[in-house]
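Labels below follow one simple rule: chain letters A, B, ... track the order of the sequence lines, proteins then strands, and each chain is numbered from 1. Predicted model, so just to flag it, every value in this text is computed and none were measured.
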Amino acid sequence: MEKEFIELIRNHQGILHKICNVYFIRNPYKEDYYQEILIRLWKSYPSFRNQSAFSTWLYRVALNTAIDLIRKENLQPVHTELSKIENNIPDQEHYIESEKKETLYQAISHLSDVEKAIIILYLEDYSYKEIAEIIGISESNTGVKINRIKSQLIKILANGQE
Amino acid sequence: MDKNDLKKLWQDAHVLNKENIYDKVSIQKSLSMNHSKSISKVLSDIKLKILLYLLVLIIFIGLMIYALVYLGLSLSMNSLIPLALVNIFLVIKTTSEIHRFKILTSTADNMTVKESLLFFRKKLDRIKITDFLTYLIFFYLSVILIIINYLTDISGIKNLSWSNEILPVPLLGILILMLIYLPWFIKYQHNQRYKNLYVNLKESASILNDEK
């Protein structure tokens with residue numbers, strides 16, 4: 001089961017990278033949080049019963065974990081090690097490959113945690129039905145939310161806000 | 001910019017998938033871990049606090065039993081009340097840390113984002129109420145014990161008050177006022193403590209609940 005899981009994660013690593021970038025791009029603990037997502041995916045893996053695509057299940061667990069980690073940081077901030085933050089400054093520049101990417105992530109960073117989840121799924125070409133299933137809202141509500149978030153994003157991008 | 005350009009922008013931004021920071025994390029190694037390094041550190045700090053409070057509590061209770069039962073010392077109410085309050089305080093600190101640990105380790109990853117939010121909120125509400133009640137009981141007990149102490153004049157507050165020309169009635173009045181305002185004070189203190197968390201939860205809930 002472990003080998004199978006590792007293989008599946010390797011094939012879908014891009015999803016995890018995108019989620020981590022959206023939620024933790026400025027966080028000095030992004031590597032740690034990425035690892036925590038991997039650990040929690042592994043712990044949840046026995047509950048994956050092939051009822052949905054692996055990527056759908058992966059999105060659900062990874063988004064829940066990312067939101068949960070952000071939420072719990074409000075309760076108990078992780079200890080800030082200065083050296084770790086300093087070391088991460090060049091990494092951040094290395095990571096943000098293009099101006100486009102940075103602009104987009106900057107704009108997304110203005111959204112709330114749930115809005116981020118919805119827009120990632122939309123940008124990743126998931127149908128309204130699938131998004132509704134992962135988020136837990138109705139299909140029609142998903143459409144309304146997506147339109148609202150898109151307008152918000154375009155406004156931010158047009159204004160060139162940080 | 002058109003709304004449909006967002007998808008194109010997203011795709012363009014992810015065309016060049018060079019090696020990145022996350023590649024440093026070993027998947028295989030991660031599977032044998034309970035938590036990542038920073039999370040483990042936070043959790044072990046809380047565990048250490050719980051152990052420390054428990055240890056002090058056990059030593060404290062042990063010493064009290066030793067003094068009262070084994071040595072047969074008969075302590076006055078005046079001496080027993082502060083000791084009892086220290087014990088209660090340690091119990092409250094321990095349970096408060098246990099609650100914090102429970103919040104940090106509880107997960108609902110397999111649910112939908114909305115269900116996970118509701119699960120977390122329910123858990124947090126329960127913990128908040130328990131915390132509120134334990135603090136309330138502790139402070140009420142403290143004030144009641146001080147009043148009993150005062151009324152029985154064990155600590156000589158009466159004499160002390162008179163000698164300093166402080167009327168005992170205002171002192172009693174202050175204590176009674178404290179009793180009345182205590183729940184609001186504790187509620188305020190709790191709201192401040194969980195403020196950030198609730199702001200985040202309320203914001204998420206409003207997005208998920210708003211149908212139109």
Side-chain angles (χ1 to χ4, degrees), chain A residues 2 5-6 9-10 13-14 16-18 20 29-36 38-40 42 44 47 60-61 63-65 67-68 70-72 74-76 78-79 91 94-95 97-98 100-101 104 112-115 117 123 125 133-138 141 144-145 150-151 153-154 157-158, chain B residues 1-3 5-7 9-18 20-31 33-39 41-42 45-46 100 103-104 107-117 120 124 194-197 199-201 203-204 207-212:
Chain A
E2 195 176 311
F5 178 78
I6 293 171
I9 290 293
R10 283 210 177 110
Q13 241 169 349
L16 298 181
H17 295 171
K18 283 171 193 166
C20 286
Y29 290 93
K30 52 181 176 272
E31 281 168 77
D32 254 24
Y33 286 166
Y34 172 75
Q35 190 171 42
E36 185 66 20
L38 281 177
I39 294 166
R40 278 164 66 168
W42 173 236
S44 300
S47 66
R60 180 190 290 227
V61 178
L63 284 171
N64 266 327
T65 309
I67 294 171
D68 189 53
I70 298 268
R71 211 177 271 154
K72 285 170 183 171
N74 287 324
L75 186 75
Q76 181 82 32
V78 284
H79 299 268
D91 280 346
H94 162 77
Y95 190 78
E97 296 154 3
S98 64
K100 270 183 186 175
K101 199 171 189 170
L104 193 57
S112 74
D113 295 340
V114 175
E115 286 171 332
L123 294 171
D125 251 349
E133 273 171 21
I134 294 172
I135 303 295
I137 53 177
S138 68
N141 197 13
V144 175
K145 299 292 174 213
K150 276 199 287 184
S151 305
L153 269 182
I154 286 164
L157 288 167
Chain B
M1 184 192 277
D2 191 68
K3 283 187 178 180
D5 289 345
L6 279 174
K7 270 190 187 176
L9 189 65
W10 177 261
Q11 280 156 7
D12 289 350
H14 294 97
V15 170
L16 297 166
N17 238 347
K18 289 179 191 171
N20 63 54
I21 187 170
Y22 306 114
D23 290 338
K24 287 186 229 164
V25 179
S26 158
I27 303 173
Q28 199 144 14
K29 198 181 154 196
S30 302
L31 304 190
M33 296 164 79
N34 266 332
H35 292 284
S36 65
K37 206 176 150 192
S38 63
I39 308 281
K41 172 88 174 72
V42 169
D45 281 356
I46 298 176
R100 190 179 285 266
I103 297 177
L104 291 173
T107 57
D109 301 334
N110 271 309
M111 297 175 181
T112 64
V113 173
K114 190 177 179 177
E115 283 169 347
S116 169
L117 173 107
F120 186 73
L124 190 68
Y194 295 107
K195 196 177 161 188
N196 289 339
L197 207 52
V199 166
N200 178 299
L201 286 173
E203 191 187 40
S204 302
I207 292 165
L208 294 170
N209 287 332
D210 178 21
E211 275 296 318
K212 283 287 159 194

Which bit of B:Asn110 comes within less than 4.5 Å of chain A, counting heavy atoms only: side chain, backbone, both or neither? both
Does any non-hydrogen side-chain atom of B:Leu6 lie less than 4.5 Å from one of A:Ile154? yes
If you define the side chain from C-beta out and look only at heavy atoms, does anything of A:Ile39 sit under 4.5 Å from B:Asn34? no
Can you tell me if A:Asp68 uses its side chain to pair, donor with acceptor, with the backbone of B:Asp109 under 3.5 Å? no
Using non-hydrogen atoms and a 4.5 Å limit, figure out which bit of A:Glu133 sits close to chain B: side chain, backbone, both or neither. backbone
Of all the heavy-atom pairs spanning B:Leu31 and A:Leu38, show the shortest one and how long it is. CD2-O, 4.4 Å
B:Glu203 CD: over 12 foreign heavy atoms closer than 6.0 Å: yes
Hey, does B:Phe120 have a side-chain heavy atom less than 4.5 Å from the side chain of A:Lys72? yes
Enter the distance from B:Met111:CE to A:Asn64:CG here, rounded to the nearest 0.5 Å. 9.0 Å
Any chance you could measure A:Lys150, atom NZ, to B:Lys7, atom NZ, to the nearest 0.5 Å? 7.0 Å
Rounded to the nearest 0.5 Å, what separation is found between the NZ atom of B:Lys29 and the CD atom of A:Gln35? 7.0 Å
Chain B heavy atoms under 4.5 Å from A:Ile67: which part of the residue, side chain, backbone, both or neither? side chain
If I take atom CG from residue B:Leu104 and atom CZ from residue A:Arg71, how far apart are they, to the nearest 0.5 angstrom? 12.5 Å
State, with a plain yes or no, whether a side-chain heavy atom of B:Ser36 is found less than 4.5 Å away from one of A:Tyr34. no
Any sub-3.5 Å donor-acceptor pair from A:Lys145's side-chain atoms to B:Ile207's backbone N or O? yes
Nearest 0.5 Å, please: how far is CZ in A:Phe5 from CD1 in B:Ile27? 8.0 Å
For A:Leu123, is it the side chain, the backbone, both or neither that has a heavy atom under 4.5 Å from a heavy atom of chain B? both
Do A:Asp113 and B:Val113 come within less than 4.5 Å of each other through their side chains, counting heavy atoms only? no
With a 4.5 angstrom heavy-atom cut-off, which part of B:Leu117 approaches chain A: side chain, backbone, both or neither? both
For the CG atom of B:Asn200 and the CD1 atom of A:Ile70, what is their distance to the nearest 0.5 Å? 8.5 Å
Shortest non-hydrogen contact from B:Ser38 to A:Asp32? N-OD2, 2.5 Å
